[in-house]
Amino acid sequence: MKLNDVVLQNVLRKGVVEIIVEEEFVNLLQEGQPLRLKMGFDPSRPDIHLGHVIGLRKLRQLQELGHKVVLIVGDWTAQIGDPSGESATRPMLTHEQVMANAQSYLDQFFRVVDKDRTETVLQSEWFGKFTLATVLDLTRRFTLAQFLERDDFARRYKANRPIAITEFLYPLLQAYDSVAIKSDVEFGGTDQKFNLLVGRQLQSMMGQKPQQCFIMPLLVGTDGVQKMSKSLDNYIGVDEPPQEMFGKLMSVSDTLMLDYFDYLTDVTAEEVEEMRRALDADSANPMDLKKKLAADITRQFYPQQDVLEARAHFERTVQRRQLPEDIPQVGFKISPSTVSISPDDADVGTRQINSSEQRDRVSIADLIWASGLAKSKGEAKRLLAQSAVEVDQVRHCEPWIQLRDGVVIRVGRRRFARLANLDQSP
RNA sequence: GGAGGGGUGGGUGAGUGGUUUAAACCACCAGACUGUAAAUCUGGCGCUCGAAAGGGCUUCGCAGGUUCGAAUCCUGCCCCCUCCA
């Protein structure tokens with residue numbers, strides 16, 4: 001099966017940093033034999049964000065050309081922790097936890113990747129049978145100098161940061177995965193390059209055909225600086241509701257937007273270049289392009305209707321600063337000297353606040369806190385002082401508010417609550 | 001086993017007895033501006049009482065101590081790093 005040039009260029013260029021060895025990889029593709037595409041994940045962090053989606057889209061693309069994904073549940077490596085992270089030792093996960101995390105990962109994974117062309121395996125299928133002898137055999141094959149070559153290790157070593165011995169095991173185990181499943185191609189971000197290469201090396205040491213390494217760019221997160229990651233809270237999760245996803249995409253910086261187009265949509269490289277020129281020449285409105293981006297990516301996870309609604313929501317609340325369609329309700333109940341506030345949000349729970357001489361008059365800061373619109377009363381007061389509070393679309397600066405059924409309180413741009421009198425049975 | 005260095009707020013990191021709730025930067029929040037939850041500018045960013053002015057409490061690995069006063073000095077403990085062996 002000879003691939004046409006457009007398809008091939010798409011596979012080789014979009015959202016790719018490097019392919020080792022590209023020529024071999026192209027030959028494999030042209031031969032048309034189904035390839036085993038290796039992808040591993042760490043079940044201690046089961047959330048998939050757009051940074052991962054770059055790779056998943058690539059897998060999907062190759063699946064459509066007839067190849068097969070082998071997904072490895074890293075139930076052993078999860079206990080070590082990838083050396084790029086800071087915490088060296090991690091708590092052991094029980095089998096149940098691993099399986100629960102794996103399930104939630106799979107649910108997200110198959111939003112992009114074709115389930116029917118995927119085989120899922122647990123690392124423990126092979127590592128469960130390992131003995132110390134096998135481990136020693138593995139460790140003997142590489143040297144300290146080789147491992148200190150790895151950028152992460154080198155940097156940490158220079159900076160006098162700890163490196164646990166077990167962390168050296170991480171690349172080894174990941175490499176052995178490639179042997180165990182006889183992978184033809186392994187996928188990873190640029191931070192994975194070392195691990196992918198160790199896999200390639202180990203395979204050939206053990207008499208297998210070495211895998212190709214497919215290295216993808218790291219996506220910069222919504223802060224515009226650091227790579228997207230959950231711990232930095234600059235991520236867009238595939239699990240997020242459409243409104244949230246659309247909104248977060250709109251907060252991607254104008255300059256970064258083009259990378260997102262390149263890595264996460266089917267827009268061609270030429271089209272991306274055109275956009276770049278148009279933006280430079282001021283002939284395109286960045287916001288329009290970004291809406292297109294937000295819609296395109298959200299559409300990959302939700303039906304068109306949801307995307308339209310998310311867009312409408314954005315235009316309403318952010319652009320026109322109008323109230324959203326659905327406002328979470330916050331119930332109140334007046335009793336002598338105190339008022340109990342019960343937001344719909346169960347995490348907040350019912351809270352008591354004091355009322356003034358007039359029993360339906362309360363401190364708005366207290367109300368904002370009790371409604372869950374601010375983390376503390378201090379924060380609520382700060383927000384009030386910063387004129388971030390609106391009551392029924394009018395900026396509210398006074399410290400007091402009259403409780404009434406149906407009043408809408410807005411804090412900042414995105415936090416809303418509609419009061420409801422619980423004594424007035426409908 | 002020996003010698004030395006170090007543990008500071010969500011992160012990086014300054015601060016070695018007193019206007020220190022702790023510089024600066026990042027992240028975050030708000031306001032202004034804007035065709036964007038972009039960029040830029042301004043402000044904010046422990047908890048609590050108070051309408052406010054202002055007050056109380058809590059915070060620099062942990063526990064004690066010295067002192068009118070400690071992130072800063074002393075003692076013990078825990079943890080990390082480097083070098084030697």
Side-chain angles (χ1 to χ4, degrees), chain A residues 85-89 153 155-165 167 220-236 240-261 275 279-280 282-295 297-298 310-322 324 351 353-358 361-370 373-390 395-402 410-416:
Chain A
E86 280 301 308
S87 54
T89 40
F153 287 144
R155 209 169 327 126
R156 281 162 70 190
Y157 191 68
K158 273 206 200 85
N160 289 353
R161 288 190 185 282
I163 302 172
I165 306 288
E167 291 187 75
V220 173
T222 50
D223 59 14
V225 182
Q226 312 239 51
K227 79 167 185 183
M228 184 174 283
S229 89
K230 197 181 179 190
S231 48
L232 293 170
D233 199 25
N234 63 354
Y235 72 104
I236 305 174
E240 303 198 47
Q243 277 184 9
E244 219 29 41
M245 193 181 271
F246 192 98
K248 281 192 178 184
L249 281 162
M250 289 305 290
S251 80
V252 165
S253 76
D254 290 357
T255 43
L256 210 56
M257 162 168 75
L258 293 173
D259 283 347
Y260 277 59
F261 266 117
M275 289 185 208
L279 286 174
D280 286 346
D282 272 339
S283 62
N285 178 357
M287 191 197 56
D288 290 337
L289 287 180
K290 214 184 287 177
K291 277 184 183 169
K292 197 176 153 219
L293 173 76
I297 295 178
T298 310
R311 181 185 169 126
H313 177 263
F314 179 84
E315 288 168 352
R316 255 177 103 84
T317 59
V318 178
Q319 290 190 269
R320 294 198 297 273
R321 293 216 72 179
Q322 291 168 349
R351 288 165 168 169
I353 58 176
N354 295 322
S355 52
S356 61
E357 319 77 57
Q358 292 160 268
R361 212 166 120 90
V362 297
S363 150
I364 189 155
D366 287 358
L367 179 64
I368 287 168
W369 165 76
L373 299 177
K375 283 197 286 289
S376 66
K377 291 185 187 178
E379 184 181 272
K381 280 175 193 161
R382 257 177 257 131
L383 288 164
L384 187 66
Q386 288 177 139
S387 54
V389 178
E390 272 179 20
R395 177 164 296 169
H396 191 96
C397 298
E398 285 179 39
W400 301 106
I401 182 171
Q402 206 81 25
R410 170 184 211 150
V411 176
R413 262 175 239 202
R414 290 190 281 151
R415 283 168 276 173
F416 299 91

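In what follows, chains carry the letters A, B, and so on, assigned in the order in which the sequence lines appear, proteins first and then strands, with residues in each chain numbered from 1. Quantities reported herein were computed from a predicted structural model and do not represent experimental measurements.
Note on R415(A): only backbone sugar-phosphate atoms sit closer than 4.0 angstrom, heavy atoms only; bases stay farther off. Nucleic acid contact for E315(A): none, since no nucleic acid atom lies under 4.0 Å from a heavy atom of the residue. R361(A) comes within 4.0 angstrom of nothing in the nucleic acid, heavy atoms only. Contact annotation for G247(A): base contact, defined as any heavy-atom pair under 4.0 Å involving a base atom. No engagement by Q226(A) is indicated, since no non-hydrogen atom pair under 4.0 Å with the nucleic acid exists. Note on D288(A): a base of the nucleic acid sits closer than 4.0 angstrom, heavy atoms only.
Listed by chain and residue number, E315(A) satisfy the salt bridge (Lys or Arg N to Asp or Glu O under 4.0 Å) test with K291(A) (two or more places apart in sequence, or in another chain). Under the side chain to side chain contact (heavy atoms under 4.5 Å, CB included) criterion, A374(A) pairs with I368(A), E379(A), A380(A), L383(A), sequence neighbours left out. In this structure, the salt bridge (Lys or Arg N to Asp or Glu O under 4.0 Å) partners of R316(A), at least two apart in sequence or on a different chain, are E325(A). Remark: E390(A) pairs with no residue by the side-chain hydrogen bond (donor to acceptor under 3.5 Å, both in side chains) rule, at least two apart or across chains.
Nucleotides A71(B) and G15(B), compared at atom C1', are 8 Å apart to the nearest Å. For G46(B) and A39(B), the P atoms lie 23 Å apart once the distance is rounded to whole Å.
Position along RNA chain B of the nearest nucleotide to Q319(A) versus S387(A) favours S387(A) as the more 5'-ward residue. The 5' end of RNA chain B is approached more closely, in terms of each residue's nearest nucleotide, by V389(A) than by the other of V389(A) and T255(A).
For the pair E240(A) CD and A37(B) P, the interatomic distance rounds to 18 Å; values are reported in whole Å. The CG-C1' distance, from L256(A) to A37(B), rounds to 15 Å in whole Å. Distance CE (M250(A)) to C1' (U34(B)): 12 Å, rounded to an integer number of Å. In this entry the distance linking CD1 of I368(A) with C1' of C29(B) reads 14 Å, nearest Å.
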Could you run through nucleotides 42-51 of chain B and give me one letter per nucleotide, 5' to 3': B if any protein heavy atom sits under 4.0 Å from the base, S if only the sugar-phosphate is that close, - if neither? -BSS-SSSBS

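Between the side chain of R414(A) and the base of A37(B), a donor-acceptor pair under 3.5 Å is found. The base of U36(B) sits within donor-acceptor range of the side chain of D254(A), with an N or O pair under 3.5 Å.
Between R320(A) and U36(B), a side-chain N or O to OP1/OP2 separation shorter than 4.0 Å is absent.
For R395(A), the listed nucleotide lying nearest its side chain is A32(B); candidates were G35(B), A37(B), A32(B). With distances taken from any side-chain atom of D223(A) to the nucleotides U36(B), A30(B), A27(B), the minimum falls on A27(B).
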Donor-acceptor pairs under 3.5 angstrom involving side-chain atoms of residues 247-254 of chain A: please list them, not counting sequence neighbours.
unit_1, atom_1, unit_2, atom_2, d
K248(A), NZ, Y235(A), O, 3.0
K248(A), NZ, E240(A), OE1, 3.3
K248(A), NZ, E240(A), OE2, 3.1
S251(A), OG, K248(A), O, 2.8
S253(A), OG, T255(A), OG1, 3.2
S253(A), OG, L256(A), N, 3.3
D254(A), OD1, K290(A), NZ, 2.7

